[in-house]
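The structure under discussion appears below in the form of structure tokens.
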Amino acid sequence: MILKLTILPGDGIGPEVTEQAVLVLQAVADGFGHRLELQHKLIGAAALTAANDPLPSDTIQACLSSAAVLMGAVGSPEFDHYPNHLRPEAGLLRLRRELGAFANLRPAVLFPALEDCSPLRAEIVRGTDILIVRELLGGLYFGQPRSIEGAAGARLALNTMRYGETEIERIARVAFDLAMKRRRKVLSVDKANVLECSRLWREVVTRIAQGYPEVKLAHQYVDSAAMLLVQRPKDFDVILTENMFGDILSDQAGGVVGSLGLLASASIGGAVGLYEPVHGSAPDIAGKGIANPLGAILSVAMMLRHSFELEREAVCIEDTVGSVLTQGSRTADLAGKSQTAISTTEMGRQVVDAVKAAGSVNKEKSA
Ligand code: IPM
Ligand code: MG
């Protein structure tokens, strides 16, 4: 198969982790007989610096003419005081919209080797396997009007939370469909005791659930869900929630399973899938070679699964990451006091080597 991709390294640690993810992808492609066609484009602060636009039109064109997009991260303190449309994040939000990527899947799985990396006791976190399904094109992120207006000292800031029934229906279907392939539990997270958006959300999700009699649906307010996520993480299967709540809970889930650096994501539902680690650009550690590339590497696995239906290839990456962690390899975010941390490139190299070793076993079997 030809895998035609646009690579958007982005800002901060984005380029470092993306480079390792692409090396792993190349190793998997070699092992399974696929050919990569890659083009690299700018997004975020990198694009603002080069072209004064966080999402230049040639980046959009490249993404729309690819089969999938792999992104690193966007964000830079340099642009913190710029107006909204001239911030790195605006590039990513526009890209999500251009691609029609309304469904953001964020798995948070505890690798058995990482029990000790969680701040929670092993018996609490053991067995955690959560899939957060986050609505990605609605809510406060995109609602109009939005503004900051008025004279200094008396300014008024405004954001709008807005959800339409069809928007809720389509993301609910994604969550229920995925739950059917898992443990058949959906927890819909909202704030229906306070927000109209959440009341409509709850009503529509309940209606969609009727088409999935085998899936057990429950509802939880977001504050209480945040508490339960640390108290009983293994009780969760699929979490279905709106854009902002999903943003917050997914970082929390990263903390629960040991490090945000491990979390991958897929943004799907539109013409072209977008794959990116859940973590940000982490300017504080950028350029030091210590970032964890596994979130980016696992995002490649999600890409192979969701955009190309290459399940064996996806599982190969996921198993390989598991075995590298089992051997004790740890980047700085995961290393305990008595452990030596390895660099971003060394972690990438170990995954590549393990993929190649698995590939030669495959070839021997089929020979
Ligand atoms: C994420 C990030 C983004 C978001 C930012 C960078 C715009 O935090 O993907 O979780 O809020 O969606
Ligand atoms: Mg986030």
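By convention here, the first residue in the shown sequence is residue 1. Whatever order the structure lists ligands and atoms in, that order sets their numbers, starting from 1. None of these values were measured; they are calculated from a predicted model.
Shown here for Glu167 and Leu137, the closest heavy-atom pair between the two residues is OE2-O, 4.0 Å. Taking all atoms of both residues into account, the shortest heavy-atom contact from Ser267 to Ala101 is O-CB, 3.5 Å. Across all their heavy atoms, Leu260 and Ser250 have their closest contact at CD1-O, 4.3 Å.
Aromatic ring pairs are classed by plane angle as parallel below 30°, tilted from 30° to 60° and perpendicular above 60°; the pair Trp201 and Tyr163 is perpendicular.
A salt bridge is absent between Arg330 and Asp116: the closest approach of a Lys/Arg side-chain nitrogen to an acidic carboxylate oxygen does not fall below 4.0 angstrom. Looking at Arg182 and Asp129, a side-chain N of the basic residue comes within less than 4.0 Å of a carboxylate O on the acidic one, giving a salt bridge.
Contact shell of ligand 1 (protein heavy atoms, cutoff 4.0 Å): Glu89, Arg96, Arg106, Arg134, Tyr141, Asp247.
Below the 2.8 Å limit, the Mg ion (ligand 2) has as protein N, O or S neighbours Asp247 OD1.
Side-chain contact check for Lys191 versus Met244: every heavy-atom pair is 4.5 Å or farther apart.
Under the side chain to side chain contact (heavy atoms under 4.5 Å, CB included) rule, Glu135 has a single partner from Ile168, Asn243, Thr241, which is Asn243.
Counting only N and O atoms by type, the side chains of Gln350 and Glu346 include a donor and acceptor under 3.5 Å apart.
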